[in-house]
Each structure stands twice: as C-alpha cells, then as structure tokens.
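Report on one structure; see the data block that follows.
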2 protein chains.
Amino acid sequence: MHQPRKQARQARSRVTQTAIIEATARLLESQGRNGLTTNAIAERAGVSVGSLYQYFPNKEAILATLIRDKRQKLLKGMQQAVLDTQDASPADAVEALIRAGMMHQYERPTLAFEVEYIEQRLELADETAALAEEMAQWVLATVRRLQPSAGLQEARDVVAITKGLINAAAMAGEPDGNALFARARRAVLGYLSQMPET
Amino acid sequence: MHQPRKQARQARSRVTQTAIIEATARLLESQGRNGLTTNAIAERAGVSVGSLYQYFPNKEAILATLIRDKRQKLLKGMQQAVLDTQDASPADAVEALIRAGMMHQYERPTLAFEVEYIEQRLELADETAALAEEMAQWVLATVRRLQPSAGLQEARDVVAITKGLINAAAMAGEPDGNALFARARRAVLGYLSQMPET
DNA sequence: GTCTATATTTCGATAGAC
DNA sequence: GTCTATCGAAATATAGAC
C-alpha cells in the first residue's frame, strides 16, 4: 500500500526535475549564459527558487545534469546507428553515423553550442574526454569498414569535422538540414578517401 | 615642442590600453568568462579599476576591442597568404591559407575558443558575419584555383572544417601542430575533391 | 514540499582624494 | 591620470512561514 504513493511522489519529483532542466535549456538557447540565473530558471520552470534548491544543491549541479543528459542521448543515438547498419553497406553505415551526430546537434544547435562551451569550464572535463573517446571508438568501428587503414585519430577527426560544419551552419542560421547533411557527407568521405597509404 | 610630449602621452596611453587587452586575454585563457571581472582585469594589467574605466567605458567595450583586434589579425594573415601564393601552385596556395587560419587559432586555441563564444553573445553579430563573408571571399578565390566549380558555400565549409579540427585538437590538448596541419590539409583537399559534378 | 522574503556575496561602475 | 573606497544592482543561496 505504500509503493504506489512513493512511486507517485517519485514521478512528480522527476517531472519537476525535468522541468527545471528544460527551463535551463530554453534560457540558454534564448540568451546564453548571461541571463541564466537560478531565479529565472525557477520562474521558467514554474516553481519557486526555494523548490529549485530542493532538487539541486546549486546552479552548477543543474548545468551538470543537463550536460550529462545530452551526452547520454548522443551516445545512445550513435550506438543505435552503428547497430542498425551492421548489415548495410559501409557507405550507408557512415552516413547513418553522420546523421545521428547531426540530429543531436542540429536539432537544437544553439543549445549544443552553449553546452559545449560550458562543458569546458565545468569540472566535467574528465567525463567529457571519456565520452569523446567512447564515441570515437564507435565511430572507428564503422569508419574502418569503409577505410580499413583509419585509426582512432581519424575517427576523432570525423567527429570534429562534422561538428565544425554544423556549428558554422547553426551560427549562420542555415535552415536546410538536408543540404548541410550532403556537405557533411562529402567532407567525411573526402577526408577518409585521402588517407595516407601505409 | 608640444608634439613630442603629446606623442609620448599617446604612446603611454596605448601601452596601458594594450596591457588591459592582454590581461583580459590571459584571464579568458586561464578561467574563461567566469572570473573575468573588471577588478581582476585591472589588477592583472597592473592598473587600478579607476584607471581602467578611463580607457574603456565598460567591460563590453574591452571585449569588443579584443575581438576586433583578433579579427583584424586573422584577416590580414589570410590576405597575406593569398597574395604571397599568387605565383605558387593551387595546392600550395590552399595549403598556405590553411596554415594562416591554423596559425591564428592554434597559437592561442583556448583564447580563440572563448572569443568565438563571446562573439555570438555580444552585439557584434553583424560585424562577425561581415568578416566571415569577407574571409570566405578570399578563401574562395584561392580554392577556385584548385576546384573551379567551388562556390561560396564550399569556401565557408573549408573554414568551418578547419576550425572544427583545430578546436577539437585544442580541447584535447594536442600539442603537435604539424600533425594537425597534415590532417586539416587532408580534410580540406578531400572535401574539395568530392565536389559534385555540375 | 512549496512559497515569500531576505541574508550574503559578487560585480560593475563611480566619487573623490591625491 | 591614478588610486582607494564605496555605492547600487544583481545573483546565489537560505530561513522560516504555511
């Protein structure tokens, strides 16, 4: 007889927590880190500051949670893309990977840009590096199907190239995701085709 | 008899101004936008806050000057690279351009990263876009020598790809500029070699 | 558990002495 | 022209009522 109540409480609790995170994301998108105050977050989330501090010990914790959430989604998306294309052609597999990375970043490009900045200046540098390495491993597995001489560095570069293109497009306000995808595809395939003979 | 004194005064004045800008740059590199207070800047520059406010009306003006300075240097460097390679081979010309962009960004990568972020959230967006377009024009002129079917979009992409690679290297603390250059070169040439037939 | 009110700190900017 | 001292605004976080 106690479980239901507890679950309900936990569910409500989770909803509030998510609302706070989403409010933070929206504020970051609209005004960057400047107007990002705990009061503003609470207001936007529809709760009071007092309540906010019951869910998070401080502002950094909110940002850290937001970042971890985004990271997990990205990693899952890329893993899924790799698994989904195990029977597809190497070129299709690489394309799926680019698409997964683009999805994540292009869906909310401003937020992605802000998050990337904050990651650097929060005490999450180690976690960030660890995730980057895990991502690179998945990318590498796929890229190798197309270009067997590729190494971890090339996998990292594929990610960096894609990120660079998406960021630029986002800042320029480029609306056409399909055109962007076509160019990202060309950049990645072009890069891989230029591998030095070993 | 008055000119020398006036010049001396102006020279001293310029020295102080430069010290303030450089102090800002160093603080940005070491702690990002967080600890970047006017008091901290003044202290690091070896002057008092009162003096600082004689040279700049507010904090934003300091950042705007820093950004404009960096931009001018980058543009000059790229223009110089283009002019220097007018008689060289197309491939060498493109390489020189990449090197110029890398120089600028890789020399002080953390600062470049911070500046790029601040640019977005300052009232300099128009200026930033204008400069990006001018840079793209210069890049385009060179890129066309190698790939005549390239357009402005491809020129922008070349810049974005290079930036993405440099940023990633900077964040990963990669020390070897030469290896990075080799990969940036491969990425750019690879991208251009994949141009769609028109 | 959520709110309002407020204590505390930090920071941008200014005043006024020298 | 430069400094120290300080004001006022904003922001983080907490206290205490309900």
Side-chain angles (χ1 to χ4, degrees), chain A residues 2 4-28 30-67 114 117-118 121-123, chain B residues 2 4-28 30-67 114 118 121-124:
Chain A
H2 272 295
R5 279 225 194 117
K6 192 173 180 184
Q7 276 183 15
R9 197 159 50 233
Q10 284 180 350
R12 246 196 334 272
S13 176
R14 239 200 134 279
V15 166
T16 305
Q17 182 167 337
T18 315
I20 291 171
I21 298 294
E22 180 56 25
T24 306
R26 283 222 224 281
L27 285 172
L28 274 176
S30 61
Q31 20 172 334
R33 268 199 92 179
N34 280 331
L36 193 74
T37 74
T38 46
N39 285 283
I41 294 172
E43 188 184 358
R44 187 101 182 210
V47 296
S48 68
V49 238
S51 292
L52 182 147
Y53 276 97
Q54 274 219 333
Y55 290 90
F56 297 93
N58 52 46
K59 202 174 89 170
E60 280 209 351
I62 302 175
L63 291 171
T65 303
L66 168 62
I67 288 172
E114 295 287 338
Y117 175 82
I118 297 170
R121 296 294 180 181
L122 230 50
E123 309 309 310
Chain B
H2 271 296
R5 280 223 194 118
K6 193 173 181 185
Q7 278 184 13
R9 200 158 46 232
Q10 285 180 349
R12 247 195 332 273
S13 176
R14 238 199 134 280
V15 166
T16 305
Q17 182 167 337
T18 314
I20 292 171
I21 298 293
E22 180 57 25
T24 305
R26 283 222 223 281
L27 284 173
L28 274 176
S30 61
Q31 23 172 330
R33 269 199 93 178
N34 279 332
L36 193 74
T37 73
T38 46
N39 285 284
I41 294 172
E43 187 184 357
R44 186 99 181 212
V47 296
S48 68
V49 238
S51 292
L52 182 148
Y53 275 99
Q54 275 219 331
Y55 290 91
F56 297 94
N58 52 47
K59 201 175 90 170
E60 281 209 350
I62 302 175
L63 291 172
T65 303
L66 168 62
I67 288 172
E114 295 287 338
I118 297 170
R121 296 292 181 182
L122 228 51
E123 309 308 308
L124 295 164

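All values below come from the heavy atoms of this structure, side chains included, with hydrogens, waters and symmetry mates left out. Please read all numbers here as calculations on a predicted model, not as lab measurements.
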- Query: Under the side chain to side chain donor-acceptor pair (under 3.5 Å) test, which residues partner A:E60, sequence neighbours left out?
  - Reply: none
- Protein-nucleotide distance (B:L52, atom CG; C:dG12, atom P), rounded to Å: 10 Å
- Protein-nucleotide distance (A:R14, atom CZ; C:dG1, atom P), rounded to Å: 16 Å
- Note on the structure: Axis-to-axis angle across the helix from C:dG1-D:dC18 to C:dC18-D:dG1, five pairs each end, nearest 10 degrees, ~ 10°
- State, yes or no, whether a side-chain contact exists between B:R12 and B:T16 at a heavy-atom distance under 4.5 Å. no
- CG/A:L122 to CG/A:L66 distance, rounded to the nearest 0.5 angstrom? 10.5 Å
- Rounded to the nearest angstrom, tell me the gap between atom CD in B:Q17 and atom P in D:dG1. 13 Å
- Task: May I have the distance from B:R12 (atom CZ) to D:dG1 (atom C1'), rounded to whole angstrom?
- Result: 9 Å
- B:A23 and B:I41 have their tightest heavy-atom pair at CB-O, 3.7 Å
- B:F56 and B:I20 have their tightest heavy-atom pair at CE1-CG2, 3.7 Å
- Task: Can you measure from CD1 (A:I118) to OG1 (A:T24) and round to the nearest 0.5 angstrom?
- Result: 9.5 Å
- Value in whole Å for how far the P atom of C:dC3 lies from CD of A:Q54: 10 Å
- Message: If I compare all heavy atoms of A:E114 with all of A:G32, which pair ends up nearest, and what's the gap?
- Response: OE2-CA, 3.6 Å
- Task: Report, as a single string ordered 5' to 3', how protein heavy atoms within less than 4.0 Å touch nucleotides 11-18 of chain D: B base, S sugar-phosphate only, - not at all.
- Result: SBBB----
- Answer with base, sugar-phosphate or nothing: what part of the nucleic acid does A:Y55 contact at a heavy-atom distance below 4.0 Å? sugar-phosphate
- Rounded distance in Å - CD (A:E43) to P (C:dC3): 12 Å
- Message: I want to check one thing: is the phosphate of C:dC3, taken as OP1 and OP2, less than 4.0 Å away from some side-chain N or O of A:S51?
- Response: yes
